There are 2 protein chains.
Amino acid sequence: MTRQQTDNQDLFAIADLAKEFGISTRAIRFYEAKGLLSPERVGATRVFRRRDRARLILILRGKRLGFSLRDISDYLSLYDADRSQQVHLLVDKVEERLASLERQRDDLETTIAELKEIRELAVAPRPRQRAG
Amino acid sequence: MTRQQTDNQDLFAIADLAKEFGISTRAIRFYEAKGLLSPERVGATRVFRRRDRARLILILRGKRLGFSLRDISDYLSLYDADRSQQVHLLVDKVEERLASLERQRDDLETTIAELKEIRELAVAPRPRQRAG
DNA sequence: CAACGGTTTGACGTTAACGTAAGCTCGTGA
DNA sequence: TCACGAGCTTACGTTAACGTCAAACCGTTG
């Protein structure tokens, strides 16, 4: 199988996605094995659609945020959740996630602020030793 | 060795820190083995001061942000960096870190926004199927 | 037809970050 | 004195997230 780009806007080979996102085909297959992706098959060959590609983007973003594949899997299920689910259960999970993410954001803000301070101190003239 | 709290405001046993931060003593020793901590010794026993405790807090924050111990180690060295270092090298590293963190912040903001949208959609009345 | 590139499924190897267990030392209280 | 709790080192076990072959199957191209 070669590039599908010219054939069809909506079909991707595994190597297409791997190249586009700078990951290995092995990683993509691994994500499928873990249930994070479920591409269609043509014979034995995986065929990815826009939806799969979108999920992959979410997976990679989750990884950049330091989440485990297990966490990301839970996260994806929030996106998947259609009206067939119990609404309040979904909302609870979303709230839970949001709380965790907002804590992470606080950590991040603190860290960024500290680094900026370090940067300022580095370029500023040496302060005299404080008393104490 | 037992609690040092009453003995001295500035001395902590490994179990004190473990308990305070809800981690194992094994983890703390591991961080030392990786060079992230370097407590003093009294005989063979580790003795932690405020400075070590402060570093441990940074380590745990780094972990919450999804960083590897290797990353955190680099990060800590920015805090350590005294004037003996080349200022521009330090600033470069700080800038590098900041760029990465700000990207992470963007990812985080996006994710938070999406989850909030999911939450709204979940509680909102079901939208009609779109054409297309 | 045969080589080649892309794909598949195993299956074993690897690194990080500890968990866990064994065996030893040391200070203390009944 | 001796059992106990806390600490230490050494070392093997474990899980996650892939990396890295190996062996086999297409579909095309020279």
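In what follows, chains are A, B, ... by sequence order, proteins preceding strands, each numbered from 1. Only a predicted model underlies this, so the values are computations on that prediction, with no experimental measurement involved.
- An OP1 or OP2 oxygen of D/dC26 is reached within less than 4.0 angstrom by no side-chain nitrogen or oxygen of A/Thr45.
- The distance from atom NZ of A/Lys34 to atom C1' of D/dA17 is 8 Å, rounded to the nearest whole Å.
- The CZ-C1' distance, from B/Arg26 to C/dA21, rounds to 12 Å in whole Å.
- At whole-Å resolution of the value, CZ in A/Arg41 and P in D/dC26 are 15 Å apart.
- Between B/Asp71 atom CG and C/dT15 atom P there is a gap of 17 Å when expressed in whole angstrom units.
- Counting only heavy atoms from C-beta on, A/Ile14 has its side chain closest to C/dT7 among C/dA17, D/dG7, C/dT7.
- Look at B/Ser68 and you won't find any side-chain N or O under 4.0 angstrom from OP1 or OP2 of C/dA16.
- The residue B/Thr25 sits apart from the nucleic acid: no heavy atom pair falls under 4.0 Å.
- Separating the CZ atom of B/Phe12 from the P atom of D/dA6 is a distance of 19 Å, rounded to the nearest angstrom.
- In this structure, of D/dA17, C/dA11, D/dT9, it is D/dT9 that holds the atom nearest to the side chain of B/Arg29.
- Each of A/Phe48 and B/Phe30 was matched to the nucleotide of DNA chain C holding its nearest heavy atom; the match closer to the 5' end belongs to A/Phe48.
- Rounded to a whole Å, the CD1 atom of B/Ile59 is 15 Å from the C1' atom of C/dA16.
- For the pair A/Lys63 and D/dA17, the criterion of a side-chain N or O lying under 4.0 Å from OP1 or OP2 is not met.
- For the residue pair B/Thr111 / A/Arg61, a side-chain donor-acceptor distance below 3.5 Å is found, with atom types taken as modelled.
- Taking only side-chain atoms of B/Ala15, from C-beta outward, the nucleotide of C/dT7, D/dG7, C/dC18 with the closest atom is D/dG7.
- Between the side chain of B/Arg41 and the backbone N or O of B/Ala44 there is at least one donor-acceptor pair closer than 3.5 Å.
- Across every non-hydrogen atom of A/Arg55 and A/Leu36, the tightest pair is NE-O, 3.1 Å.
- Figure legend: cation-pi geometry between A/Arg46 and A/Tyr31 absent, as NZ or CZ is not positioned both under 6.0 Å from the six-membered ring centre and within 45° of its axis.
- The phosphate of C/dT8 has OP1 or OP2 within less than 4.0 Å of a side-chain N or O from A/Arg46.
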Passes side chain to side chain contact (heavy atoms under 4.5 Å, CB included), A/Ile72 versus A/Leu58? Steps please.
-> CA-CA 8 Å; A/Ile72 295 173; A/Leu58 291 180; over 6 Å; no

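- With rounding to whole Å, A/Leu37 atom CG is found 14 Å from D/dA17 atom C1'.
- Following rounding to the nearest Å, A/Ile23 (CD1) and D/dC18 (C1') show an atom-to-atom distance of 11 Å.
- For B/Tyr31, taking side-chain heavy atoms from C-beta onward, the closest of the listed nucleotides C/dC18, C/dA11, D/dG7 is C/dC18.
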